[in-house]
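Working notes for the structure below.
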Number of protein chains: 2
Amino acid sequence: MRATEQAEPAPRRRRGRPGHDQSAILRAAVELFNRRGYDATSMGDLAKELGLTKPAIYYHVTSKEQLLGQALDDALDELTSVVTEASTERAGVTAYQRLREVVRRSVEVLVAHQQSVTLLLRVRGNSEVELAALSRRRWLDDRLAALVADAVAEGSLRDDVPPALVSRLLFGMVNSLVEWYRAEGAYDQAMVADAITTIAFDGLARHES
Amino acid sequence: MRATEQAEPAPRRRRGRPGHDQSAILRAAVELFNRRGYDATSMGDLAKELGLTKPAIYYHVTSKEQLLGQALDDALDELTSVVTEASTERAGVTAYQRLREVVRRSVEVLVAHQQSVTLLLRVRGNSEVELAALSRRRWLDDRLAALVADAVAEGSLRDDVPPALVSRLLFGMVNSLVEWYRAEGAYDQAMVADAITTIAFDGLARHES
DNA sequence: CCTACCGATCGGTAGG
DNA sequence: CCTACCGATCGGTAGG
(Lines give C-alpha, C1' and ligand atoms only; values in the text may rest on other atoms or scores of the structure.)
Protein backbone atom coordinates (compact mmCIF):
# COMPACT_ATOMS: atom_id res chain seq x y z
CA MET A 1 0.00 0.00 0.00
CA ARG A 2 3.02 2.29 -0.22
CA ALA A 3 2.74 5.14 -2.71
CA THR A 4 5.96 4.07 -4.37
CA GLU A 5 4.40 0.85 -5.57
CA GLN A 6 2.73 2.59 -8.45
CA ALA A 7 6.05 4.05 -9.53
CA GLU A 8 7.72 0.65 -9.85
CA PRO A 9 8.64 -0.53 -13.35
CA ALA A 10 5.90 -2.62 -14.89
CA PRO A 11 6.50 -6.32 -14.18
CA ARG A 12 6.92 -8.16 -17.46
CA ARG A 13 3.74 -10.05 -18.35
CA ARG A 14 2.61 -10.63 -14.83
CA ARG A 15 -1.03 -10.40 -13.99
CA GLY A 16 -2.53 -10.72 -10.53
CA ARG A 17 -0.63 -10.04 -7.36
CA PRO A 18 3.05 -10.83 -7.55
CA GLY A 19 5.25 -12.26 -4.81
CA HIS A 20 3.76 -15.70 -4.69
CA ASP A 21 6.43 -17.67 -6.41
CA GLN A 22 7.17 -21.33 -5.79
CA SER A 23 9.60 -20.75 -2.95
CA ALA A 24 7.22 -18.50 -1.03
CA ILE A 25 4.51 -21.13 -1.35
CA LEU A 26 6.97 -23.80 -0.24
CA ARG A 27 7.96 -21.82 2.83
CA ALA A 28 4.36 -21.27 3.87
CA ALA A 29 3.48 -24.90 3.14
CA VAL A 30 6.31 -26.31 5.25
CA GLU A 31 5.39 -24.00 8.10
CA LEU A 32 1.78 -25.22 7.99
CA PHE A 33 2.79 -28.86 7.58
CA ASN A 34 4.79 -28.58 10.77
CA ARG A 35 2.20 -26.64 12.73
CA ARG A 36 -0.77 -28.89 11.97
CA GLY A 37 0.77 -31.97 10.40
CA TYR A 38 0.96 -32.80 6.71
CA ASP A 39 -2.34 -34.66 6.47
CA ALA A 40 -4.20 -32.16 8.60
CA THR A 41 -3.13 -29.34 6.29
CA SER A 42 -5.35 -28.87 3.25
CA MET A 43 -4.35 -27.05 0.14
CA GLY A 44 -7.23 -24.72 0.97
CA ASP A 45 -5.59 -23.90 4.30
CA LEU A 46 -2.41 -23.08 2.44
CA ALA A 47 -4.27 -20.90 -0.04
CA LYS A 48 -5.96 -18.95 2.74
CA GLU A 49 -2.64 -18.46 4.52
CA LEU A 50 -1.23 -16.93 1.35
CA GLY A 51 -4.35 -14.94 0.51
CA LEU A 52 -4.89 -16.98 -2.65
CA THR A 53 -7.43 -19.47 -3.90
CA LYS A 54 -6.72 -23.14 -4.10
CA PRO A 55 -6.44 -23.27 -7.89
CA ALA A 56 -4.00 -20.35 -7.73
CA ILE A 57 -1.70 -22.53 -5.68
CA TYR A 58 -1.81 -25.18 -8.35
CA TYR A 59 -0.66 -22.62 -10.88
CA HIS A 60 2.72 -22.65 -9.14
CA VAL A 61 2.83 -26.18 -7.78
CA THR A 62 1.89 -29.54 -9.26
CA SER A 63 0.86 -31.35 -6.10
CA LYS A 64 0.77 -31.29 -2.35
CA GLU A 65 3.26 -34.14 -2.28
CA GLN A 66 5.69 -32.21 -4.47
CA LEU A 67 5.85 -29.52 -1.80
CA LEU A 68 6.63 -32.17 0.79
CA GLY A 69 9.31 -33.72 -1.41
CA GLN A 70 11.04 -30.39 -2.02
CA ALA A 71 11.16 -29.62 1.68
CA LEU A 72 12.54 -33.07 2.49
CA ASP A 73 15.17 -32.76 -0.23
CA ASP A 74 16.22 -29.39 1.14
CA ALA A 75 16.78 -30.86 4.60
CA LEU A 76 18.44 -34.00 3.27
CA ASP A 77 20.79 -32.08 0.95
CA GLU A 78 22.05 -29.97 3.83
CA LEU A 79 22.48 -32.88 6.21
CA THR A 80 24.13 -35.00 3.53
CA SER A 81 26.67 -32.28 2.92
CA VAL A 82 27.55 -32.04 6.61
CA VAL A 83 27.72 -35.78 7.15
CA THR A 84 29.71 -36.46 4.00
CA GLU A 85 32.35 -33.94 4.96
CA ALA A 86 32.57 -35.30 8.49
CA SER A 87 32.83 -38.86 7.20
CA THR A 88 35.83 -38.02 5.03
CA GLU A 89 39.10 -39.04 6.63
CA ARG A 90 41.75 -36.35 6.61
CA ALA A 91 45.37 -36.35 7.65
CA GLY A 92 45.82 -35.14 11.21
CA VAL A 93 42.09 -35.04 11.99
CA THR A 94 40.80 -37.72 14.36
CA ALA A 95 37.40 -39.35 14.18
CA TYR A 96 36.71 -37.75 17.55
CA GLN A 97 37.35 -34.29 16.11
CA ARG A 98 35.17 -35.04 13.10
CA LEU A 99 32.40 -36.29 15.38
CA ARG A 100 32.46 -33.09 17.42
CA GLU A 101 32.47 -31.13 14.17
CA VAL A 102 29.46 -32.96 12.75
CA VAL A 103 27.52 -32.36 15.95
CA ARG A 104 28.26 -28.64 15.79
CA ARG A 105 27.49 -28.35 12.10
CA SER A 106 24.31 -30.41 12.49
CA VAL A 107 23.10 -27.89 15.03
CA GLU A 108 23.79 -25.14 12.50
CA VAL A 109 21.75 -26.95 9.85
CA LEU A 110 18.88 -27.67 12.25
CA VAL A 111 18.72 -24.01 13.16
CA ALA A 112 19.09 -22.64 9.64
CA HIS A 113 16.71 -25.20 8.10
CA GLN A 114 14.59 -25.95 11.13
CA GLN A 115 11.29 -26.14 9.27
CA SER A 116 12.37 -28.62 6.63
CA VAL A 117 14.40 -30.72 9.08
CA THR A 118 11.42 -30.88 11.44
CA LEU A 119 9.31 -32.19 8.59
CA LEU A 120 11.99 -34.76 7.77
CA LEU A 121 12.16 -36.01 11.34
CA ARG A 122 8.40 -36.66 11.32
CA VAL A 123 8.20 -38.59 8.08
CA ARG A 124 6.41 -41.93 8.50
CA GLY A 125 6.85 -43.51 5.06
CA ASN A 126 3.26 -43.12 3.89
CA SER A 127 4.15 -42.47 0.24
CA GLU A 128 6.91 -42.93 -2.32
CA VAL A 129 8.23 -39.48 -1.53
CA GLU A 130 8.39 -40.28 2.18
CA LEU A 131 9.95 -43.68 1.61
CA ALA A 132 12.67 -42.11 -0.54
CA ALA A 133 13.36 -39.58 2.20
CA LEU A 134 13.55 -42.33 4.83
CA SER A 135 16.03 -44.17 2.65
CA ARG A 136 18.32 -41.15 2.41
CA ARG A 137 17.93 -40.60 6.12
CA ARG A 138 19.00 -44.14 6.90
CA TRP A 139 22.13 -43.56 4.86
CA LEU A 140 22.94 -40.56 7.05
CA ASP A 141 22.30 -42.54 10.22
CA ASP A 142 24.60 -45.31 9.03
CA ARG A 143 27.41 -42.87 8.29
CA LEU A 144 27.06 -41.28 11.70
CA ALA A 145 27.08 -44.67 13.41
CA ALA A 146 30.27 -45.56 11.50
CA LEU A 147 31.88 -42.31 12.60
CA VAL A 148 31.06 -43.04 16.24
CA ALA A 149 32.47 -46.55 15.82
CA ASP A 150 35.68 -45.06 14.39
CA ALA A 151 36.00 -42.73 17.37
CA VAL A 152 35.58 -45.66 19.74
CA ALA A 153 38.10 -47.71 17.73
CA GLU A 154 40.74 -44.98 17.90
CA GLY A 155 40.30 -44.93 21.66
CA SER A 156 38.86 -41.45 22.11
CA LEU A 157 35.35 -42.50 23.10
CA ARG A 158 34.37 -44.83 25.92
CA ASP A 159 33.82 -48.38 24.79
CA ASP A 160 31.38 -49.55 27.45
CA VAL A 161 28.33 -48.42 25.46
CA PRO A 162 27.57 -49.93 22.02
CA PRO A 163 28.54 -47.41 19.28
CA ALA A 164 25.21 -47.86 17.48
CA LEU A 165 23.42 -46.95 20.70
CA VAL A 166 25.68 -43.96 21.30
CA SER A 167 25.00 -42.71 17.80
CA ARG A 168 21.22 -42.95 18.19
CA LEU A 169 21.19 -41.23 21.57
CA LEU A 170 23.68 -38.51 20.62
CA PHE A 171 21.82 -37.51 17.48
CA GLY A 172 18.51 -38.07 19.22
CA MET A 173 19.60 -35.29 21.56
CA VAL A 174 20.75 -33.11 18.65
CA ASN A 175 17.56 -33.66 16.68
CA SER A 176 15.34 -32.96 19.67
CA LEU A 177 16.17 -29.31 19.42
CA VAL A 178 13.82 -28.83 16.48
CA GLU A 179 10.99 -29.40 18.96
CA TRP A 180 11.70 -26.32 21.05
CA TYR A 181 14.39 -24.14 19.47
CA ARG A 182 13.25 -20.66 18.55
CA ALA A 183 15.60 -18.23 16.86
CA GLU A 184 14.10 -15.38 18.87
CA GLY A 185 14.46 -17.28 22.13
CA ALA A 186 17.04 -17.08 24.89
CA TYR A 187 19.66 -19.35 23.32
CA ASP A 188 21.60 -18.71 20.17
CA GLN A 189 22.93 -21.40 17.89
CA ALA A 190 26.47 -21.44 19.29
CA MET A 191 25.18 -21.72 22.86
CA VAL A 192 23.05 -24.74 21.98
CA ALA A 193 25.92 -26.40 20.11
CA ASP A 194 28.21 -25.82 23.10
CA ALA A 195 25.61 -27.23 25.49
CA ILE A 196 25.14 -30.38 23.44
CA THR A 197 28.83 -31.08 22.98
CA THR A 198 29.52 -30.37 26.65
CA ILE A 199 26.74 -32.67 27.87
CA ALA A 200 27.48 -35.43 25.39
CA PHE A 201 31.27 -35.51 25.61
CA ASP A 202 32.05 -34.25 29.11
CA GLY A 203 28.84 -35.12 30.95
CA LEU A 204 26.57 -33.21 33.29
CA ALA A 205 27.98 -34.40 36.57
CA ARG A 206 30.30 -32.11 38.44
CA HIS A 207 33.47 -33.95 39.32
CA GLU A 208 35.87 -32.66 41.94
CA SER A 209 39.21 -32.40 40.17
CA MET B 1 -10.31 -73.47 15.28
CA ARG B 2 -9.01 -75.61 18.14
CA ALA B 3 -11.14 -78.59 19.02
CA THR B 4 -11.19 -77.50 22.62
CA GLU B 5 -13.12 -74.40 21.76
CA GLN B 6 -16.36 -76.30 21.63
CA ALA B 7 -15.67 -77.72 25.04
CA GLU B 8 -15.29 -74.31 26.69
CA PRO B 9 -18.04 -73.25 29.09
CA ALA B 10 -20.78 -71.40 27.26
CA PRO B 11 -20.16 -67.64 27.36
CA ARG B 12 -22.98 -65.99 29.16
CA ARG B 13 -25.41 -64.49 26.66
CA ARG B 14 -22.79 -63.45 24.09
CA ARG B 15 -23.56 -63.60 20.41
CA GLY B 16 -21.26 -62.42 17.64
CA ARG B 17 -17.47 -62.65 17.79
CA PRO B 18 -16.02 -61.83 21.16
CA GLY B 19 -12.65 -60.35 22.00
CA HIS B 20 -13.07 -56.91 20.55
CA ASP B 21 -13.48 -54.89 23.70
CA GLN B 22 -12.53 -51.27 24.11
CA SER B 23 -8.95 -51.90 25.16
CA ALA B 24 -8.19 -54.17 22.19
CA ILE B 25 -9.55 -51.50 19.83
CA LEU B 26 -7.50 -48.85 21.61
CA ARG B 27 -4.32 -50.89 21.27
CA ALA B 28 -4.85 -51.41 17.55
CA ALA B 29 -5.78 -47.76 17.02
CA VAL B 30 -2.68 -46.40 18.73
CA GLU B 31 -0.49 -48.75 16.76
CA LEU B 32 -2.02 -47.50 13.50
CA PHE B 33 -1.95 -43.87 14.58
CA ASN B 34 1.78 -44.19 15.12
CA ARG B 35 2.50 -46.13 11.96
CA ARG B 36 0.63 -43.87 9.55
CA GLY B 37 -0.16 -40.78 11.58
CA TYR B 38 -3.47 -39.93 13.26
CA ASP B 39 -5.02 -38.06 10.34
CA ALA B 40 -3.85 -40.58 7.77
CA THR B 41 -5.56 -43.37 9.69
CA SER B 42 -9.25 -43.79 8.89
CA MET B 43 -11.73 -45.58 11.10
CA GLY B 44 -12.15 -47.89 8.12
CA ASP B 45 -8.46 -48.77 8.30
CA LEU B 46 -8.84 -49.53 11.97
CA ALA B 47 -11.91 -51.69 11.32
CA LYS B 48 -10.10 -53.62 8.62
CA GLU B 49 -7.13 -54.19 10.92
CA LEU B 50 -9.46 -55.71 13.52
CA GLY B 51 -11.52 -57.70 11.04
CA LEU B 52 -14.64 -55.70 11.88
CA THR B 53 -16.85 -53.23 10.13
CA LYS B 54 -16.73 -49.56 10.90
CA PRO B 55 -20.10 -49.48 12.68
CA ALA B 56 -18.91 -52.31 14.87
CA ILE B 57 -16.06 -50.07 16.02
CA TYR B 58 -18.53 -47.39 16.94
CA TYR B 59 -20.39 -49.81 19.12
CA HIS B 60 -17.38 -49.84 21.43
CA VAL B 61 -16.05 -46.33 20.91
CA THR B 62 -17.77 -42.96 20.63
CA SER B 63 -15.29 -41.24 18.32
CA LYS B 64 -11.87 -41.37 16.75
CA GLU B 65 -10.78 -38.49 18.96
CA GLN B 66 -11.79 -40.39 22.09
CA LEU B 67 -9.30 -43.11 21.16
CA LEU B 68 -6.59 -40.49 20.82
CA GLY B 69 -7.51 -38.94 24.15
CA GLN B 70 -7.41 -42.26 25.99
CA ALA B 71 -3.97 -43.09 24.60
CA LEU B 72 -2.63 -39.66 25.53
CA ASP B 73 -4.08 -39.96 29.03
CA ASP B 74 -2.43 -43.34 29.43
CA ALA B 75 0.98 -41.92 28.56
CA LEU B 76 0.46 -38.78 30.63
CA ASP B 77 -0.75 -40.68 33.70
CA GLU B 78 2.37 -42.85 33.69
CA LEU B 79 4.75 -39.96 33.14
CA THR B 80 2.99 -37.83 35.72
CA SER B 81 3.40 -40.56 38.29
CA VAL B 82 7.12 -40.85 37.61
CA VAL B 83 7.74 -37.10 37.56
CA THR B 84 5.65 -36.43 40.65
CA GLU B 85 7.55 -38.97 42.67
CA ALA B 86 10.90 -37.66 41.47
CA SER B 87 9.85 -34.10 42.25
CA THR B 88 9.05 -34.94 45.85
CA GLU B 89 11.83 -33.97 48.20
CA ARG B 90 12.84 -36.69 50.63
CA ALA B 91 15.21 -36.74 53.54
CA GLY B 92 18.65 -37.98 52.53
CA VAL B 93 17.88 -38.04 48.81
CA THR B 94 19.58 -35.38 46.71
CA ALA B 95 18.07 -33.71 43.65
CA TYR B 96 20.87 -35.34 41.68
CA GLN B 97 19.76 -38.78 42.82
CA ARG B 98 16.14 -37.98 42.03
CA LEU B 99 17.15 -36.73 38.58
CA ARG B 100 19.01 -39.94 37.80
CA GLU B 101 16.02 -41.87 39.09
CA VAL B 102 13.53 -40.00 36.91
CA VAL B 103 15.68 -40.61 33.85
CA ARG B 104 15.78 -44.33 34.57
CA ARG B 105 12.10 -44.56 35.34
CA SER B 106 11.23 -42.49 32.27
CA VAL B 107 13.04 -45.04 30.14
CA GLU B 108 10.96 -47.76 31.77
CA VAL B 109 7.74 -45.90 30.98
CA LEU B 110 8.81 -45.16 27.39
CA VAL B 111 9.54 -48.84 26.85
CA ALA B 112 6.45 -50.19 28.62
CA HIS B 113 4.11 -47.60 27.08
CA GLN B 114 6.05 -46.86 23.91
CA GLN B 115 3.00 -46.65 21.66
CA SER B 116 1.05 -44.13 23.70
CA VAL B 117 4.13 -42.08 24.59
CA THR B 118 5.11 -41.91 20.93
CA LEU B 119 1.66 -40.57 20.14
CA LEU B 120 2.01 -38.01 22.92
CA LEU B 121 5.36 -36.78 21.64
CA ARG B 122 3.84 -36.12 18.22
CA VAL B 123 0.80 -34.15 19.34
CA ARG B 124 0.50 -30.82 17.53
CA GLY B 125 -2.44 -29.20 19.31
CA ASN B 126 -4.96 -29.59 16.50
CA SER B 127 -7.97 -30.20 18.78
CA GLU B 128 -9.20 -29.72 22.32
CA VAL B 129 -7.98 -33.20 23.21
CA GLU B 130 -4.51 -32.43 21.87
CA LEU B 131 -4.36 -29.04 23.53
CA ALA B 132 -5.26 -30.59 26.88
CA ALA B 133 -2.49 -33.15 26.43
CA LEU B 134 0.02 -30.43 25.55
CA SER B 135 -0.97 -28.59 28.69
CA ARG B 136 -0.32 -31.63 30.88
CA ARG B 137 2.94 -32.20 29.03
CA ARG B 138 4.11 -28.67 29.71
CA TRP B 139 3.49 -29.28 33.40
CA LEU B 140 5.79 -32.29 33.26
CA ASP B 141 8.47 -30.33 31.41
CA ASP B 142 8.31 -27.58 34.00
CA ARG B 143 8.73 -30.05 36.85
CA LEU B 144 11.71 -31.65 35.18
CA ALA B 145 13.32 -28.28 34.54
CA ALA B 146 12.84 -27.42 38.22
CA LEU B 147 14.46 -30.69 39.24
CA VAL B 148 17.48 -29.97 37.05
CA ALA B 149 17.69 -26.48 38.53
CA ASP B 150 17.65 -27.99 42.04
CA ALA B 151 20.48 -30.34 41.13
CA VAL B 152 22.53 -27.42 39.85
CA ALA B 153 21.71 -25.40 42.96
CA GLU B 154 22.88 -28.15 45.31
CA GLY B 155 26.16 -28.23 43.40
CA SER B 156 25.94 -31.70 41.88
CA LEU B 157 25.50 -30.61 38.25
CA ARG B 158 27.73 -28.32 36.26
CA ASP B 159 26.52 -24.71 36.24
CA ASP B 160 28.00 -23.55 32.95
CA VAL B 161 24.94 -24.64 30.94
CA PRO B 162 21.50 -23.09 31.62
CA PRO B 163 19.35 -25.61 33.57
CA ALA B 164 16.37 -25.11 31.24
CA LEU B 165 18.60 -26.03 28.31
CA VAL B 166 20.01 -29.05 30.12
CA SER B 167 16.51 -30.26 30.88
CA ARG B 168 15.38 -29.97 27.27
CA LEU B 169 18.43 -31.74 25.89
CA LEU B 170 18.52 -34.47 28.53
CA PHE B 171 14.88 -35.42 28.07
CA GLY B 172 15.18 -34.84 24.34
CA MET B 173 17.71 -37.65 24.40
CA VAL B 174 15.48 -39.81 26.58
CA ASN B 175 12.40 -39.20 24.45
CA SER B 176 14.26 -39.90 21.22
CA LEU B 177 14.32 -43.58 22.05
CA VAL B 178 10.67 -44.01 21.07
CA GLU B 179 11.82 -43.42 17.48
CA TRP B 180 14.00 -46.50 17.30
CA TYR B 181 13.60 -48.71 20.37
CA ARG B 182 12.26 -52.19 19.66
CA ALA B 183 11.63 -54.63 22.47
CA GLU B 184 12.84 -57.48 20.26
CA GLY B 185 16.00 -55.56 19.30
CA ALA B 186 19.56 -55.82 20.57
CA TYR B 187 19.19 -53.57 23.61
CA ASP B 188 17.08 -54.20 26.65
CA GLN B 189 15.53 -51.54 28.80
CA ALA B 190 18.22 -51.55 31.48
CA MET B 191 20.98 -51.27 28.88
CA VAL B 192 19.36 -48.22 27.31
CA ALA B 193 18.81 -46.59 30.68
CA ASP B 194 22.45 -47.21 31.59
CA ALA B 195 23.64 -45.80 28.28
CA ILE B 196 21.58 -42.63 28.68
CA THR B 197 22.64 -41.97 32.24
CA THR B 198 26.27 -42.72 31.41
CA ILE B 199 26.33 -40.40 28.41
CA ALA B 200 24.37 -37.63 30.09
CA PHE B 201 26.08 -37.61 33.47
CA ASP B 202 29.58 -38.90 32.78
CA GLY B 203 30.03 -37.99 29.10
CA LEU B 204 31.25 -39.90 26.10
CA ALA B 205 34.82 -38.75 26.08
CA ARG B 206 37.44 -41.05 27.45
CA HIS B 207 39.53 -39.24 30.01
CA GLU B 208 42.86 -40.60 31.13
CA SER B 209 42.63 -40.89 34.88
C1' DC C 1 -5.09 -16.26 -11.18
C1' DC C 2 -10.88 -17.22 -10.27
C1' DT C 3 -15.50 -19.81 -10.52
C1' DA C 4 -17.16 -23.97 -10.77
C1' DC C 5 -16.80 -28.35 -10.32
C1' DC C 6 -15.12 -33.95 -10.42
C1' DG C 7 -14.16 -38.77 -8.21
C1' DA C 8 -13.13 -40.58 -3.74
C1' DT C 9 -13.20 -40.87 0.66
C1' DC C 10 -13.72 -38.93 5.33
C1' DG C 11 -15.93 -39.70 10.34
C1' DG C 12 -20.05 -41.05 11.95
C1' DT C 13 -25.03 -43.05 12.05
C1' DA C 14 -29.52 -44.65 10.11
C1' DG C 15 -32.74 -48.90 10.21
C1' DG C 16 -32.95 -53.81 10.94
C1' DC D 1 -35.78 -55.32 25.45
C1' DC D 2 -30.62 -56.71 25.19
C1' DT D 3 -25.61 -57.32 22.85
C1' DA D 4 -23.13 -57.51 18.83
C1' DC D 5 -22.90 -56.53 14.73
C1' DC D 6 -24.02 -55.63 9.03
C1' DG D 7 -25.13 -53.18 4.49
C1' DA D 8 -25.85 -48.89 3.05
C1' DT D 9 -25.67 -44.24 3.23
C1' DC D 10 -25.62 -39.63 5.65
C1' DG D 11 -23.57 -34.54 5.29
C1' DG D 12 -19.14 -32.50 4.29
C1' DT D 13 -14.62 -32.05 2.51
C1' DA D 14 -10.24 -33.77 0.60
C1' DG D 15 -6.84 -33.12 -3.49
C1' DG D 16 -6.96 -31.89 -7.99
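Side-chain atoms are counted along with the backbone in the values below, which use heavy atoms only and exclude waters and symmetry mates. So you know, we letter chains A, B, ... as the sequences are listed, proteins then strands, and number each from 1.
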(message) Between B:Y58 and C:dT13, is there a contact of a side-chain N or O with OP1 or OP2 at under 4.0 Å?
(response) no

(request) Report the nucleotide, chosen from D:dG16, C:dT3, C:dG12, that has the shortest atom-to-atom distance to any side-chain atom of B:S63. (result) C:dG12

(message) Rounding to an integer number of Å, can you tell me how far A:D39 CG sits from C:dG11 C1'?
(response) 15 Å

(message) What is the distance, to the nearest angstrom, from the CG atom on B:D45 to the P atom on C:dT9?
(response) 11 Å

(message) From CG of B:L68 over to P of C:dG12, roughly how many Å is that when rounded to an integer?
(response) 12 Å

(request) Check the distance between C:dC10's P and B:L46's CG and give it to me in whole angstrom. (result) 13 Å

(message) Rounded to whole Å, how long is the line connecting atom NE2 of B:H60 with atom P of C:dT13?
(response) 16 Å

(message) With a 4.0 Å limit, can you tell me whether B:T53 has a side-chain N or O closer than that to the phosphate oxygens OP1/OP2 of D:dC6?
(response) yes

(message) From the set D:dC5, C:dT13, D:dG15, return the single nucleotide nearest to any side-chain atom of B:P55.
(response) C:dT13

(request) May I ask you to say whether B:E101 pairs ionically with B:R90, meaning some side-chain N is under 4.0 Å from a carboxylate O? (result) yes

(message) Could you tell me how far apart A:F33 (CZ) and D:dG15 (C1') are, to the nearest whole angstrom?
(response) 12 Å

(request) Pick the P atom in C:dA8 and in D:dG12, then give their distance to the nearest Å. (result) 22 Å

(request) Look at all strands and tell whether A:T41 reaches a base, only sugar-phosphate, or nothing, counting heavy atoms closer than 4.0 Å. (result) sugar-phosphate

(message) Any donor-acceptor pair, under 3.5 Å, between the side chain of A:K54 and the base of D:dG15, if you only look at N and O atoms?
(response) yes

(message) Under a 4.0 Å threshold between the charged nitrogen and the carboxylate oxygen, would B:E179 count as salt-bridged to B:R122?
(response) yes

(message) Less than 4.5 Å apart, side chain to side chain, heavy atoms only: is that true for B:V192 and B:V111?
(response) no

(message) Rounding to an integer number of Å, can you tell me how far A:L32 CG sits from D:dG15 P?
(response) 12 Å

(request) Write down the distance separating the C1' atoms in D:dG11 and C:dT9, rounded off to the nearest Å. (result) 13 Å

(request) Look up atom NE2 in B:H60 and atom CG in B:L26, then write down how far apart they are to the nearest 0.5 Å. (result) 13.0 Å

(message) Just N and O in the side chain of B:Y59: are any of them under 4.0 Å from OP1 or OP2 of D:dC5?
(response) no

(request) Considering only NZ, NE, NH1 and NH2 on the basic side and carboxylate oxygens on the acidic side, decide whether A:D77 and A:R136 come within less than 4.0 Å. (result) yes

(request) Please state how far atom CD in B:Q66 lies from atom P in C:dG11, giving the value in whole angstrom units. (result) 15 Å

